[in-house]
Asker: 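Please read through the structure below; I'll follow up with questions.
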Amino acid sequence: MHKHYTGLIERYRNRLPVSANTRIISLNEGNTPMIQLQNIPKMLGKEVDIYVKFEGLNPTGSFKDRGMTMAVTKAVEEGSQAIICASTGNTSAAAAAYAARAGIKAFVLIPDGKIALGKLAQTLMYNATIIQINGNFDQGMELVKEVANHAPVTIVNSINPFRLEGQKTAAFEIVDDLGFAPDYHCLPVGNAGNISAYWKGYKEYALDRVCGNRPIMCGYQAAGAAPFLAGHPIENPETVATAIRIGNPQSWALAWAAQQESGGWFDKFSDEDILVAQKMLSQYEGVFCEPASATSLAGAMQDIKSGKIPEGSKIVCTLTGNGIKDPEIAMQQCLDSKPVTIDADLDAVKRAILDNL
Ligand code: AN7
């Protein structure tokens with residue numbers, strides 16, 4: 001019997017906290033492609049298998065949809081009429097979309113002027129109430145935690161445990177797709193929920209013998225927003241990768257445990273390294289992710305080159321969000337390859353082709 005795909009809660013319902021009576025709020029998220037890189041490994045001159053899990057192909061363009069289907073499903077089950085989050089952009093878009101789907105209200109606190117244009121546009125379209133603050137994500141997060149004690153709103157940031165439950169399904173999909181867990185799993189780390197969720201998923205599958213191994217978890221941060229490298233929260237995070245412009249990660253302990261238990265590590269990368277990785281993925285593989293997402297590949301490339309990740313390894317990099325979300329940074333990256341404008345005649349077109357072959 002043919003079965004139409006209806007999202008990750010249905011697919012993994014026996015591993016998620018829902019009952020037969022739960023009304024599931026879904027946009028058919030999950031089931032995202034694993035794309036094996038073909039050209040970048042050759043450029044590195046190393047024998048490695050690198051797969052990217054392209055989470056930018058979720059319904060709102062980021063991995064947040066995995067957590068949000070679960071968090072909003074549970075909020076509605078518990079009778080909530082409104083959800084709230086602080087966000088660097090993607091959580092707000094996902095919260096807004098799933099609230100629209102559920103028919104409830106979404107309030108989002110975002111740092112004024114510091115979220116990518118596409119994320120702002122989609123959050124407006126989904127009709128959330130956007131509250132811009134003169135402050136950063138971490139300040140927004142503290143305010144959200146406080147206001148939830150004073151107003152009837154359910155927090156849907158990743159401190160809501162249902163978020164991580166939904167997001168752990170990405171690890172399930174990877175194992176179900178490959179037939180094994182990778183040797184290394186590389187992720188960008190901001191608020192640190194996602195690395196915690198993946199580790200939870202891999203541990204669960206390994207415990208139930210769905211896979212025989214668990215990956216080494218590698219968490220990569222932007223140099224200007226790298227509290228895990230500092231060893232403590234930082235006050236004024238700054239990076240071009242606005243999605244991970246976070247100084248006080250809420251899932252600190254879980255992420256630290258993921259790194260420790262898996263034998264993994266954290267590292268940090270300059271904005272320039274991150275943007276180079278983003279452009280390489282687009283230019284050499286045809287995969288356009290947002291800047292923050294490329295931090296996973298920046299890290300993998302460095303650690304493969306140095307041999308810290310040895311030849312023969314199977315590596316998965318999560319590409320957390322879609323490049324189309326941040327057109328401004330993309331355009332800035334491509335100033336040297338401006339479109340040419342010509343007269344609308346055959347000779348001019350011919351010349352434009354021959355000049356550029
Ligand atoms: C593209 O949207 O925190 O370490 O408020 O959007 O689980 O926080 C976004 C985070 C990586 C970091 N890549 O994941 C938000 C928000 C992208 C992101 C991260 C985010 P976590």
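We count ligands from 1, going down the list as the structure has it; atoms in each ligand are counted the same way.
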Asker: Is it the case that ligand 1 has an N or O less than 3.5 angstrom from some N or O of Asn90?
Answerer: yes
Asker: When you compare ligand 1 with Lys119, is there at least one nitrogen or oxygen pair between them that comes in under 3.5 angstrom?
Answerer: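 No, since none of the N or O atoms of Lys119 sits under 3.5 Å from an N or O of ligand 1.
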Asker: So if I count the atoms of ligand 1 from 1 in the order they appear, which ones are less than 4.0 Å from some heavy atom of Asn191?
Answerer: 4 (O), 8 (O), 21 (P)
Asker: Taking distance alone, with N or O pairs closer than 3.5 Å, would you say Ile244 contacts ligand 1?
Answerer: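 There is no such contact.
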Asker: Using non-hydrogen atoms of the residue, decide whether Ile246 is closer than 4.0 angstrom to ligand 1.
Answerer: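 Yes, that is the case, since the closest heavy atom of the residue is under 4.0 Å from the ligand.
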Asker: Is there a polar contact between ligand 1 and Gly190, counting only N or O atoms under 3.5 Å apart?
Answerer: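 N/O-N/O distance under 3.5 Å: yes.
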Asker: Using a 4.0 Å cut-off to any heavy atom of Gly193, which atoms of ligand 1 qualify?
Answerer: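 Close to Gly193: 4 (O), 7 (O), 21 (P).
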Asker: Considering distance alone, does some N or O of Val189 sit under 3.5 Å from an N or O of ligand 1?
Answerer: no
Asker: Would you say Lys145 has more than 12 foreign heavy atoms packed within less than 6.0 Å of its NZ?
Answerer: yes
Asker: Could you work out, with side-chain hydrogen bond (donor to acceptor under 3.5 Å, both in side chains) as the rule, every residue matching Lys64, not counting sequence neighbours?
Answerer: Thr91
Asker: Within ligand 1, which atoms have a heavy atom of Thr91 less than 4.0 Å away?
Answerer: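 In order of numbering, the contacting atoms are 2 (O), 5 (O), 15 (C), 16 (C).
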Asker: I'd like to check Lys325 versus Ser62 (side-chain heavy atoms, cut-off strictly below 4.5 Å). Are they in contact?
Answerer: yes
Asker: How about Ile83 and Ile104: do any of their side-chain heavy atoms sit closer than 4.5 Å?
Answerer: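 In short, these two side chains touch, coming nearer than 4.5 Å.
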Asker: Does the residue Ser62 have a heavy-atom contact with ligand 1, meaning some pair of atoms that are separated by less than 4.0 Å?
Answerer: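 Heavy atoms of Ser62 never come under 4.0 Å of ligand 1.
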Asker: What do you reckon, does Ser87 have a nitrogen or oxygen under 3.5 Å from a nitrogen or oxygen of ligand 1?
Answerer: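 Yes: some nitrogen or oxygen of Ser87 is under 3.5 Å from one in ligand 1.
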Asker: Under 6.0 Å from the CD atom of Gln283, do we count more than 12 heavy atoms belonging to anything else shown?
Answerer: yes
Asker: Mind checking what makes side-chain contact (heavy atoms from CB on, under 4.5 Å) contact with Asn248, not counting sequence neighbours?
Answerer: Asp138, Glu142, Pro233, Gln250
Asker: Check each of Ile131, Thr123, Ile84, Ile115 against Val108 using the side chain to side chain contact (heavy atoms under 4.5 Å, CB included) test, and report the only one that passes.
Answerer: Thr123
Asker: Heavy-atom distance to atom 7 (O) of ligand 1: which of Thr295, Ile110, Asn194, Asn322 wins?
Answerer: Asn194
Asker: In the protein, what heavy atom is nearest to atom 18 (C) of ligand 1, and what distance, to one decimal place, separates them?
Answerer: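 The closest heavy atom on the protein side is Ala243 CB, 3.5 Å.
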Asker: Hey, does Thr320 come in under 3.5 Å of ligand 1, counting only N/O atoms on both sides?
Answerer: yes
Asker: Which of the atoms in ligand 1, numbered in the order shown and given with their element, are less than 4.0 Å from a heavy-atom of Gly89?
Answerer: 2 (O)
Asker: A side-chain contact here means heavy atoms from C-beta on lying under 4.5 Å apart; do Cys218 and Tyr184 qualify?
Answerer: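 In contact.
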Asker: Considering heavy atoms of the protein only, find what lies nearest to atom 14 (O) of ligand 1 and give residue, atom and distance to 0.1 Å.
Answerer: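 Nearest protein contact, heavy atoms only, for atom 14 (O) of ligand 1 is Phe63 CZ, 3.5 Å.
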Asker: Among protein heavy atoms, which sits nearest to atom 5 (O) of ligand 1, and what does the distance come to when rounded to 0.1 Å?
Answerer: Thr88 N, 2.8 Å
Asker: Tell me whether Glu165 is salt-bridged to Lys74, with the criterion being a basic N under 4.0 Å from an acidic carboxylate O.
Answerer: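 Here Glu165 does not pair with Lys74 in a salt bridge, since their nearest N and O are not under 4.0 Å apart.
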Asker: Enumerate the atoms of ligand 1 whose separation from the nearest heavy atom of Phe137 is less than 4.0 angstrom.
Answerer: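 It comes down to these atoms of ligand 1: 5 (O).
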Asker: So which of Arg163, Glu55, Glu290, Lys64 gets nearest to atom 9 (C) of ligand 1, if we judge by its closest heavy atom?
Answerer: Lys64
Asker: Report the relative orientation of the aromatic rings in Phe228 and Phe266; use parallel for angles under 30°, tilted for 30 to 60°, perpendicular for over 60°.
Answerer: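 Phe228 and Phe266: parallel rings.
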Asker: Pick out which of Asn28, Thr60, Asn58 makes a side chain to side chain donor-acceptor pair (under 3.5 Å) with Asp65.
Answerer: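 Single side chain to side chain donor-acceptor pair (under 3.5 Å) partner of Asp65 among Asn28, Thr60, Asn58: Thr60.
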Asker: Does a sphere of radius 6.0 Å around CE in Met34 hold more than 12 heavy atoms from other residues, nucleotides or ligands, not counting ones at 6.0 Å or beyond?
Answerer: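 Atom CE in Met34 is crowded, with more than 12 foreign heavy atoms closer than 6.0 Å.
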Asker: Among the heavy atoms of Ser158, does any lie under 4.0 Å from an atom of ligand 1?
Answerer: no
